[in-house]
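Following: one structure in structure tokens, then a few remarks.
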Amino acid sequence: MKGNLIFILLSAAGLCCRAQINPDLLKKPAGDTTGLQLNMDAVYKRPFMNLGKTPVAVGGYVEANYQYLNEDGISEGHQFQMRRFTFFLSSAVNKRIRFLSELEFEDGTREISLEFASVDFELASLLNIRGGIIMNPIGAFNQNHDGPKWEFVDRPISATRLLPATWSNAGFGIFGKQYTGNWVYAYEAYLTNGFDDKIISNSGNRTSLPATKENRERFEESFNGIPLFTGKVALRHKKLGELGLSYMGGIYNKFEEDGLTLDKKRSVRTFALDLNTTLAKTGTFINGEWAWLAVDVPETYTEQFGRKQAGGFVDIVQPLLKRRMLDFPDAVLNAALRLEYADFNQGTFSSTGTNIADHVYSIVPAVSWRPSAQTVLRLNYRYQWKTDLLGNPPARTAGFQAGFSTYF
Amino acid sequence: MNKKHLLLLCAIFSLIVVMASCEKIFPPAPADDRLLDGPVADLTGGQNRQFLNGDIAFNDEVFTTETGLGPVFVATSCGSCHAGDGKGHPFSTLIRFTAAKDSTGNTVLDQGPTQLQNRAIPGFLPEQLPRNVPFSKFTPPANTGLGFIDLVPDADLLAMADPDDLNGDGISGAVNWNKIPPYVTIRKNTVVKNGLYICRFGKKGSVYDLLQQTATAYNQDMGITSSFEPVDTYSGLEIDPEVSDKTVNDVVFYLKTLKAPIQRMPGDPEVVKGKAVFIRIGCESCHKQTLTTGTSTIAALSNRQFYPYTDLLLHDMGNALDDGFTEGSAKTSEWKTPALWGLGLSKNSQGGRYFLLHDGRARSIEEAILFHGGEGLKSKTSFQGLGAEEKSSLIHFLESL
């Protein structure tokens with residue numbers, strides 16, 4: 001047990017923990033210091049357990065919860081959910097070649113996906129090559145989505161229903177980092193397979209990037225042969241926090257087949273801004289992400305499908321107590337609040353010139369208890385307002401969610 | 001007190017807060033009289049199940065390219081146009097036109113009315129409204145209480161009709177005699193004249209029953225073929241069904257068993273006063289308060305009085321509402337009296353604003369009344385002559401419906 005492993009969220013909350021980790025496998029880049037971990041490092045900074053003296057390490061996390069939600073007076077009743085069971089497997093092929101993977105079972109075995117399976121070659125700190133199934137670095141949540149890191153049972157709406165978290169694809173790319181004093185700068189750039197026309201042809205009746213995930217063949221072949229580009233730059237100051245800017249863009253439709261033209265090329269473009277910081281005085285951790293999406297929907301298709309979408313979330317986590325509790329030496333009790341918003345259609349009706357609504361707001365106060373940094377027990381109350389396309393009185397959903405998430 | 005205790009206390013306290021406040025902490029269900037959707041009372045378990053199947057097909061089933069949408073279409077689901085089973089919005093307003101002349105100048109009126117397919121899936125072009133053809137815009141009506149309307153016997157409609165205004169009250173009222181498709185179920189004691197049947201659905205009253213309305217909605221509004229309406233709107237060819245007979249029948253059952261809107265505060269003195277004005281100035285000659293159903297296998301619909309405020313008949317509404325377009329035996333200036341039940345809840349499905357009359361042109365109840373001409377002229381003039389107080393009671397009454 002060497003080295004302090006700090007998860008992004010928890011490090012911000014000032015929580016340190018010691019975890020088993022193979023120092024060779026998860027070798028820290030030179031100059032790395034505890035305050036300088038980026039969202040992009042999250043896949044490396046997971047608590048792995050070594051298998052004997054082999055260079056192979058395993059880990060994972062589980063999430064389970066109970067919820068009772070009520071929409072406009074109607075409830076689906078008491079629900080117990082095993083949302084995720086995720087396995088990590090990694091190995092150091094050699095000092096500069098690493099393999100990392102993440103296999104996820106969602107809702108029991110309803111959805112099994114290989115979220116991440118890549119080989120990284122380190123040529124230099126500033127130049128690494130990554131290939132395989134990679135997580136497109138759009139926003140921060142997609143890269144840093146492990147359940148135990150969050151105080152909330154639900155994933156952010158803007159990350160999962162505007163942006164398609166968790167979103168990974170087969171592809172290649174490069175990344176690198178530079179440390180100077182209290183600063184670290186990083187970049188990532190990948191070409192991967194991309195979206196398909198489910199974006200505007202889905203049963204949700206709205207533009208939906210996540211709808212592409214229904215296409216299980218996307219790891220095997222690109223829908224239209226045009227790579228999706230994803231790029232991110234991030235910088236972090238030891239004290240100030242992290243800022244990430246990311247872009248992901250490509251073509252989502254099948255514009256030709258067998259050499260015959262079917263349609264013009266239609267673009268999908270997304271831009272995200274992510275920020276996180278810890279207020280030194282109070283230890284308050286603030287983490288937010290905002291995304292803007294533009295999809296070239298045919299003019300003659302229905303306005304139901306938005307040409308532009310936007311939304312984001314901000315999480316505020318306030319540690320209240322940090323001390324030994326019930327024999328857990330480094331336990332922490334937090335109060336937290338999430339505010340989130342997603343506008344699925346930023347257009348206006350051509351018939352009336354008025355705003356197309358189709359948006360959702362929610363506010364989620366939470367209490368969480370971390371017996372140790374790898375484990376969180378959380379109690380959330382969610383209140384959500386969902387407005388339809390026409391802007392009719394919103395459907396209101398409210399209720400409790402309680403559960404745990406832990407690395408193992 | 002040490003911190004352990006504090007923690008325990010916190011935990012217990014939050015648990016108590018949670019349990020004590022459960023009732024208040026959840027959004028309340030809107031009162032029944034504020035909602036248009038929901039079934040009629042006393043359906044059996046099996047009927048509730050079929051209602052729910054229809055509900056899902058109507059509100060949640062969204063058609064996509066893969067499931068048969070288009071290639072040309074107007075909307076992607078029933079619910080897109082009939083949100084919460086309430087009235088629609090200009091966004092969901094559709095256009096029907098008569099191709100009066102083809103490019104060579106030949107009259108092709110016998111082709112009948114056509115619905116403009118103004119949207120298309122990628123790679124296809126939607127239709128353009130031909131120039132100089134008569135057309136009407138249709139804003140979706142509310143879909144409530146249709147099972148009651150369906151069950152009014154033909155004889156009752158004929159009894160209310162007075163096409164030649166024999167009673168001399170200035171109000172005629174005619175039924176729409178129209179051809180019917182082979183798949184409809186003929187009503188008991190239906191009246192036939194020269195092979196034409198009395199129709200009652202749609203704003204021109206040109207549709208015979210809810211099966212015809214549903215099958216044509218799938219076909220014309222979404223480009224979805226069924227065994228009932230198998231001809232693809234784009235190619236004009238018969239193609240495989242894209243929606244099953246079962247689904248169509250479930251949707252018909254759903255429409256039939258949607259409850260009638262419930263009046264809010266019928267005993268309120270303002271409302272009572274307004275209703276008296278409504279009757280006095282002749283609105284009720286067309287917007288008939290009470291109709292009665294015949295027998296039905298669904299107990300809740302059988303032999304019931306209900307209060308739709310319509311006579312289901314066609315009336316000449318004057319020049320302003322004459323679009324030059326028609327269906328069936330209706331004249332171009334004639335429209336079927338719309339039911340006024342649920343009127344006060346219209347805004348909740350129209351994005352917070354009114355879009356009244358057949359094409360949504362009236363932006364308030366008062367404006368809708370002021371558009372009345374033709375047979376409605378007399379009562380409109382009486383309305384204009386009302387004092388401010390009576391006017392406001394009348395509007396109050398209409399909003400309570």
Side-chain angles (χ1 to χ4, degrees), chain A residues 68-75 197-198 200-206 253-255 261-264 266 297-305 320-321 323-326 331 333 349-352 354-357 367 369 379 381 383-385 388-393 395-400 402, chain B residues 3-4 6-8 10-11 14-15 17-18 21-22 24-31 34-35 60-67 69-70 72-77 79-80 83-84 86 88-93 118-127 137 347-353 355 360:
Chain A
Y68 184 87
L69 295 175
N70 177 312
E71 179 173 318
D72 287 338
I74 296 173
S75 173
D197 59 9
K198 284 251 177 347
I200 59 158
S201 180
N202 63 66
S203 55
N205 221 4
R206 60 161 67 104
N253 67 328
K254 191 159 258 169
F255 49 89
T261 303
L262 304 177
D263 193 7
K264 68 168 196 157
R266 299 194 180 275
V297 179
E299 273 309 303
T300 54
Y301 203 56
T302 162
E303 288 168 295
Q304 189 108 26
F305 288 78
L320 297 177
L321 276 179
R323 54 185 294 277
R324 172 179 286 273
M325 291 181 222
L326 308 172
L333 182 73
F349 286 112
S350 60
S351 49
T352 56
T354 51
N355 178 45
I356 300 179
V367 186
W369 184 56
L379 173 66
Y381 170 71
Y383 206 103
Q384 184 167 305
W385 296 260
D388 71 1
L389 199 70
L390 303 174
N392 290 314
R396 288 175 298 170
T397 303
F400 288 95
Chain B
K3 287 195 175 161
K4 201 168 187 170
L6 185 73
L7 182 72
L8 207 68
C10 271
S14 36
L15 203 72
V17 169
V18 165
S21 48
C22 266
K24 294 204 183 91
I25 228 156
F26 296 121
R34 309 243 9 126
L35 287 178
D60 300 342
E61 183 164 12
V62 175
F63 288 92
T64 63
T65 315
E66 276 132 66
T67 53
L69 178 69
V72 287
F73 65 96
V74 189
T76 48
S77 72
S80 304
H89 181 271
F91 158 70
S92 51
T93 292
N118 62 340
R119 298 186 174 108
I121 63 171
F124 288 81
L125 282 179
E127 296 173 0
K137 290 188 180 179
K347 283 204 254 184
N348 290 349
S349 65
Q350 300 190 299
R353 305 179 303 162
F355 295 95

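All values below come from the heavy atoms of this structure, side chains included, with hydrogens, waters and symmetry mates left out. Below, chain A is the first sequence line, B the second, and so on; all start at residue 1.
- The shortest non-hydrogen separation linking B/F63 to B/L69 is O-CD2, 3.7 Å.
- With a 4.5 angstrom heavy-atom cutoff, B/F124 touches chain A only via backbone atoms.
- Contact detail for B/R353 and A/T354: the closest heavy-atom pair is NH2-CG2, 3.4 Å.
- Annotation: maximal heavy-atom pairing with chain A below 4.5 Å, among B/G352, B/S92, B/S80, occurs at B/S80.
- Annotation: maximal heavy-atom pairing with chain B below 4.5 Å, among A/L69, A/N202, A/N392, occurs at A/N392.
- At a 4.5 Å heavy-atom cutoff, the contact between A/Y68 and chain B is made by backbone and side-chain atoms alike.
- Within the 4.5 angstrom heavy-atom criterion, atoms from both the backbone and the side chain of A/Y301 approach chain B.
- Heavy atoms closer than 4.5 Å to chain B are found nowhere in A/K264, neither backbone nor side chain.
- Judged purely by atom type and a 3.5 angstrom limit, A/T300 has no side-chain atom pairing as donor or acceptor with the backbone of B/R119.
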Side chain to side chain contact (heavy atoms under 4.5 Å, CB included) evaluation trace for B/T65 with A/D197: CA-CA 10 Å; B/T65 315; A/D197 59 9; over 6 Å; no
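- Residue contact with chain B, scored on non-hydrogen atoms closer than 4.5 Å, is absent for A/S75.
- Within the 4.5 Å cutoff, the side chain of B/I121 has heavy atoms near those of the B/F73 side chain.
- Contact count against chain B (heavy-atom pairs under 4.5 Å) is highest for A/S201 among A/A395, A/S201, A/G391.
- Residues passing the side chain to side chain contact (heavy atoms under 4.5 Å, CB included) test with B/R34, sequence neighbours excluded: B/A31, B/R264, B/L345, B/N348.
- Heavy atoms of other residues, nucleotides or ligands lying less than 6.0 angstrom from NZ of A/K254 number more than 12.
- There is no contact between B/L125 and chain A, counting heavy-atom distances below 4.5 Å.
- Taking chain A as the reference chain and counting heavy-atom pairs below 4.5 Å, the highest number among B/A75, B/A29, B/G79 is found for B/A29.
- The residue among A/I200, A/N205, A/L262, A/T352 with the most heavy atom pairs within less than 4.5 Å of chain B is A/N205.
- Within the 4.5 angstrom heavy-atom criterion, only backbone atoms of B/Q350 (N, CA, C, O) approach chain A.
- In terms of modelled atom types and a separation under 3.5 Å, the side chain of A/D72 and the main chain of A/R396 share a donor-acceptor contact.
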